[in-house]
Number of protein chains: 2
Amino acid sequence: MGHTHVTTTTSDEGAAVPVTIRDVARASGVHISTVSRTFSAPHLVNPETRVRVLACAEDLGYRPNRAARALITGRTHNIGLIIADIANPFFPPLIKAAESQARHRDYHVFVADTNEDPTAEEELVHALAKQVDGVLLCSPRMSNSLIEQLSREVPLVVVNRQVTGLPCVLMDVGQGARSAIEHLVGLGHRSIALLGGPRSSWTNREMRRAAGAAARAAGAELTVLGPNAPTEVGGSAVAEQVRRSGVSAVLAYNDLMAIGLIEGLDALGVRVPQEVSVVGVDDITLSRLTRPKLTTVATPTGAAGRTAVDMLLQQDIESPRGARGSGAGTALGVRRTTAQVMLQTDLVIRDSTGPGPYARPARPLAAPRGPGPHCPAGPGIPTTATGDAVAS
Amino acid sequence: MGHTHVTTTTSDEGAAVPVTIRDVARASGVHISTVSRTFSAPHLVNPETRVRVLACAEDLGYRPNRAARALITGRTHNIGLIIADIANPFFPPLIKAAESQARHRDYHVFVADTNEDPTAEEELVHALAKQVDGVLLCSPRMSNSLIEQLSREVPLVVVNRQVTGLPCVLMDVGQGARSAIEHLVGLGHRSIALLGGPRSSWTNREMRRAAGAAARAAGAELTVLGPNAPTEVGGSAVAEQVRRSGVSAVLAYNDLMAIGLIEGLDALGVRVPQEVSVVGVDDITLSRLTRPKLTTVATPTGAAGRTAVDMLLQQDIESPRGARGSGAGTALGVRRTTAQVMLQTDLVIRDSTGPGPYARPARPLAAPRGPGPHCPAGPGIPTTATGDAVAS
DNA sequence: TACTTCATTGCAAACCTTTGCAGCACGACG
DNA sequence: CGTCGTGCTGCAAAGGTTTGCAATGAAGTA
């Protein structure tokens, strides 16, 4: 892993020459305030002057110093985006959507990864606080109370976590888990495992709650396995445990774990979906590329990113922080309205789920053990999953 | 995709009360400069005073304003990281390595995605310029001359692109492509396709050059297909073309394309590796999870991230930008030394490559068409790939 | 002509912090 | 007793920008 080759050259390249508003003012023969206005309030300056100033600025390669500007206006036109794990393919679509939405409003997005570490999360919020106008906290791992406390330092929008009093963007994983369970029960599974994710994940708690209720309602038994790391290795690590537990179907915390689990089961000689059905959550691109293709609960990540940015900017605009005028601020408790948005999820049925032990044969097929590979849920099996498809 | 549910509440949460160095000074009965020193030069302040100040600061929840600090010191302790496409799993390991390395040196990393768009790249550099101490440009898509120009605005380190006069971190994809071609020729392939990536990619040019030379030297024929988008769809889109071209092996620009290609070939009924062998580049985690597992050229992404950060910080430290003292700077041409580091790559042989039409049978197997699925390159076939394994 | 209105520009304070320099007190040394 | 060094602290300028206010001059109105 050492580097093969290092070449070193020395050159006399000119260093960065910071050109300021003063230089432009001097060059164009006006006061610095006029230059400033040329950029931030063009309608206040004589068209002739303006073009002259602009020409000089162009000439000198002047660029307004955003940090200095932020110091006085209190707005940086930056948004912070804190992510538990960039390596999780769930996030990139969210990031991209947020970035494009922000760009439309003349904002830039800075992404930071926390490695699923709550401490890093907190530190990052502090570091970002004064350099951005607001922070999007995605799938945070820290406590609600800490989040509330941090929200006093910088405007926050939380994604994938419900915290009262703060704007939140949620995905209805409860509904998703319910559909998944009902789908599995409809296929004839009665003994199902839930592969838990990180302990401190709101999504994890929601899924657990909803899946438990749905299983109970449908007369199926739900075993909870976890918590686990929300990654491929987290999934493959529990393969043995899944086999021993004797369940015929598994709902995983996310696609990555589902894929890892399938891989792990494969290594143990357990075939999916013939012997065990697996459902994931997220519908990452990858879930369409593995064999078998993954049945999964699709989450609207792009919409989440866009919505979160909108909510942040809206909240941000109505309360210009760092106001001028001496230290008032505490006096008038700012009245702020916080919305919580819940986005729909959808079950996408592909090839990783198949008939279970209690399936009623859909057509004259060999064994109740299920049809050949790549056979999606047959049309003969209702997915209403209210329990009546089970009978016995 | 609409949101199911929106709840809105209004609360009287106190707004962000920005507490400055002044408040702390007032509270602890010292001058602001003493407070400042308490944080940035603790050894200069009386221990008693220090604890008192720290207590007050803690009490009031004071946090130094990094923007204001940067304005005067000229250092933000931030690093910008510009990436062509976060959705490409090649980058996350690089990002994480860079972040961890930066954190060790008390720096923060801000990541930004450009969507493979050169214009966005340039804009992002400008936006970041005054908010970071330097920028890591990863797999840039803009021209060398523009990069050089931008490097006068902010210290730059370039990854996956060679530009003279600037510090660069390169991966030896030339060597990688050579090994891949030799591996394929050794397996008995004589007609090979190279799936090109983005036109403006340095890696792309390097691979093309090296693969061409290696094929010529080994007496094989190389067909170049492309340029293409460096994604799964970019790969699957050329499946038809690959089949028509009649090659028996393909070297793809990266793993994503290789995986997409395999998927596309599968849809056309072409089996990998039995009918066509496929080699990728990058060794992303995903390449171990697809079937067949991907043979690929592993690139040291983590090392690249760490090295890039080191080089940036080193370059940065010796020349403190935004120096105090009036507008000198042009006068003394700053002498700066730029290193270019080349990192090794390694061919990882898995299941997507198998014997070609000119293979000599390794053991008494059925047809020269190749063994069953999941059979990696048999131990009987040497991978020295100097060409002598071909014979006839 | 005198007065108002308007557009344009300059002035200077403010944002929050760092830092060179000077001042102060105190102990030590000659 | 005078001088010096040392340890600590305060003063004020500086960094690049925005912005309320005032000043200027010209045009419009009565």
Side-chain angles (χ1 to χ4, degrees), chain A residues 16-26 28-53 57 60-77 129-131 133 320-329, chain B residues 16-26 28-53 57 60 62-77 129-131 133 153 320-329:
Chain A
V17 185
V19 33
T20 80
I21 204 174
R22 283 197 157 66
D23 303 319
V24 180
R26 195 163 24 232
S28 48
V30 297
H31 194 263
I32 58 165
S33 55
T34 302
V35 179
S36 171
R37 278 188 272 258
T38 304
F39 287 95
S40 49
H43 60 280
L44 287 183
V45 37
N46 186 319
E48 286 178 43
T49 321
R50 186 171 16 176
V51 298
R52 186 155 39 94
V53 170
L60 276 57
Y62 167 74
R63 304 229 151 230
N65 182 328
R66 300 176 64 126
R69 178 185 298 199
L71 189 56
I72 188 164
T73 61
R75 346 208 84 265
T76 63
H77 269 241
K130 294 292 194 341
Q131 326 197 40
D133 296 343
R321 334 187 300 116
R324 231 180 145 85
S326 47
Chain B
V17 185
V19 33
T20 80
I21 205 174
R22 282 198 156 64
D23 303 319
V24 180
R26 196 163 24 233
S28 47
V30 297
H31 195 263
I32 58 165
S33 56
T34 304
V35 179
S36 170
R37 278 189 273 257
T38 304
F39 287 96
S40 49
H43 59 279
L44 288 182
V45 38
N46 186 319
E48 287 179 43
T49 321
R50 186 171 19 176
V51 298
R52 188 155 37 95
V53 170
L60 275 57
Y62 167 75
R63 303 229 152 231
N65 182 326
R66 301 177 63 126
R69 178 184 299 197
L71 189 55
I72 188 162
T73 62
R75 348 208 82 265
T76 63
H77 270 240
K130 293 293 192 340
Q131 324 197 42
D133 295 342
E153 197 165 333
R321 334 187 300 113
R324 231 179 146 84
S326 46

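Lettering follows sequence order; numbering is per chain, from 1. Predicted model, so just to flag it, every value in this text is computed and none were measured.
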Enquirer: Would you mind telling me which residue lines up with the more 5' stretch of DNA chain D, B:Ile32 or B:Leu71, judged by nearest nucleotide?
Expert: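 The residue mapped nearer the 5' terminus is B:Ile32.
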Enquirer: Separation of A:Arg66 atom CZ from D:dT18 atom P, in whole Å?
Expert: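 Atom CZ in A:Arg66 sits about 12 Å away from atom P in D:dT18.
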Enquirer: Verify, without hydrogens or angle tests, whether B:Arg22 (side chain) and B:Ile32 (backbone) share a donor-acceptor contact under 3.5 angstrom.
Expert: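 Judged by distance alone, no pair lies under 3.5 Å.
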Enquirer: Could you tell me whether a side-chain N or O of A:Thr38 sits under 3.5 Å from a main-chain N or O of A:Thr34, the two making a donor and an acceptor?
Expert: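 Yes, because the side chain of A:Thr38 sits within donor-acceptor range (under 3.5 Å) of the backbone of A:Thr34.
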Enquirer: What distance do B:Leu60 atom CG and B:Arg26 atom CZ have between them, rounded to the nearest 0.5 Å?
Expert: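 With rounding to 0.5 Å, CG (B:Leu60) is 9.5 Å from CZ (B:Arg26).
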Enquirer: Bend angle of the helix from C:dT1-D:dA30 to C:dG30-D:dC1 from five-pair axes at both ends, rounded to 10°?
Expert: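 Rounded value for the end-axis angle: 60°.
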Enquirer: Can you check the B:His31 NE2 to D:dG10 C1' distance for me, whole Å?
Expert: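 Taking atom C1' of D:dG10 as the reference, NE2 of B:His31 is at 5 Å.
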Enquirer: Rounded to the nearest angstrom, tell me the gap between atom CZ in A:Arg69 and atom C1' in C:dA14.
Expert: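 Going from A:Arg69 (CZ) to C:dA14 (C1'), I get 17 Å.
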Enquirer: Which pair of non-hydrogen atoms, one from B:Ala25 and one from B:His31, has the smallest distance, and what is that distance?
Expert: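 Heavy-atom minimum between the residues: CB-C, 4.0 Å.
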Enquirer: Looking at A:Thr76 and A:Lys130, what are the two nearest heavy atoms and their distance?
Expert: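 Looks like CG2-O, 4.1 Å.
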Enquirer: Roughly how far apart are B:Arg66 CZ and B:Thr73 OG1, rounded to 0.5 Å?
Expert: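 It is 10.0 Å, given to the nearest 0.5 Å.
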Enquirer: For the pair made of CZ in A:Arg75 and P in D:dT19, what is the distance, rounded to whole Å?
Expert: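 Taking atom P of D:dT19 as the reference, CZ of A:Arg75 is at 11 Å.
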Enquirer: With a 3.5 Å distance limit and no angle check, can you tell me whether B:Arg52 reaches the backbone of B:Ser28 through a side-chain donor-acceptor pair?
Expert: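 At least one qualifying donor-acceptor pair exists.
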Enquirer: Is there a side chain to side chain contact (heavy atoms under 4.5 Å, CB included) between B:Arg69 and B:His77? Walk through the geometry before answering.
Expert: CA-CA 10 Å; B:Arg69 178 184 299 197; B:His77 270 240; over 6 Å; no
Enquirer: Write down the distance between CD1 (B:Ile72) and P (D:dG15), rounded to a whole number of angstrom.
Expert: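 From B:Ile72 CD1 to D:dG15 P: 8 Å.
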Enquirer: Nearest whole Å is fine: how far is C:dC15 C1' from B:Asp23 CG?
Expert: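 Distance check: B:Asp23 CG to C:dC15 C1' gives 13 Å.
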Enquirer: What is the distance, to the nearest angstrom, from the CG atom on B:Asn65 to the P atom on D:dG16?
Expert: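 In whole Å, D:dG16 P lies 16 Å from B:Asn65 CG.
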Enquirer: Heavy-atom contacts under 4.0 Å between residues 33-52 of chain B and DNA chain C, which residues?
Expert: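 Within this stretch, B:Ser33, B:Ser36, B:Arg37 sit under 4.0 Å of the strand.
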Enquirer: Could you pull out the closest heavy-atom pair between A:Thr20 and A:Asp23, with the gap in Å?
Expert: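 Closest pair (atom of A:Thr20, atom of A:Asp23, distance): N-OD2, 2.8 Å.
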Enquirer: Can you tell which of D:dG10, D:dT18, D:dT17 lies closest to the side chain of A:Thr73?
Expert: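 Of the candidates, D:dT18 comes closest.
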Enquirer: What's the CD1-P distance between B:Ile21 and D:dT9, to the nearest Å?
Expert: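 Atom CD1 in B:Ile21 sits about 14 Å away from atom P in D:dT9.
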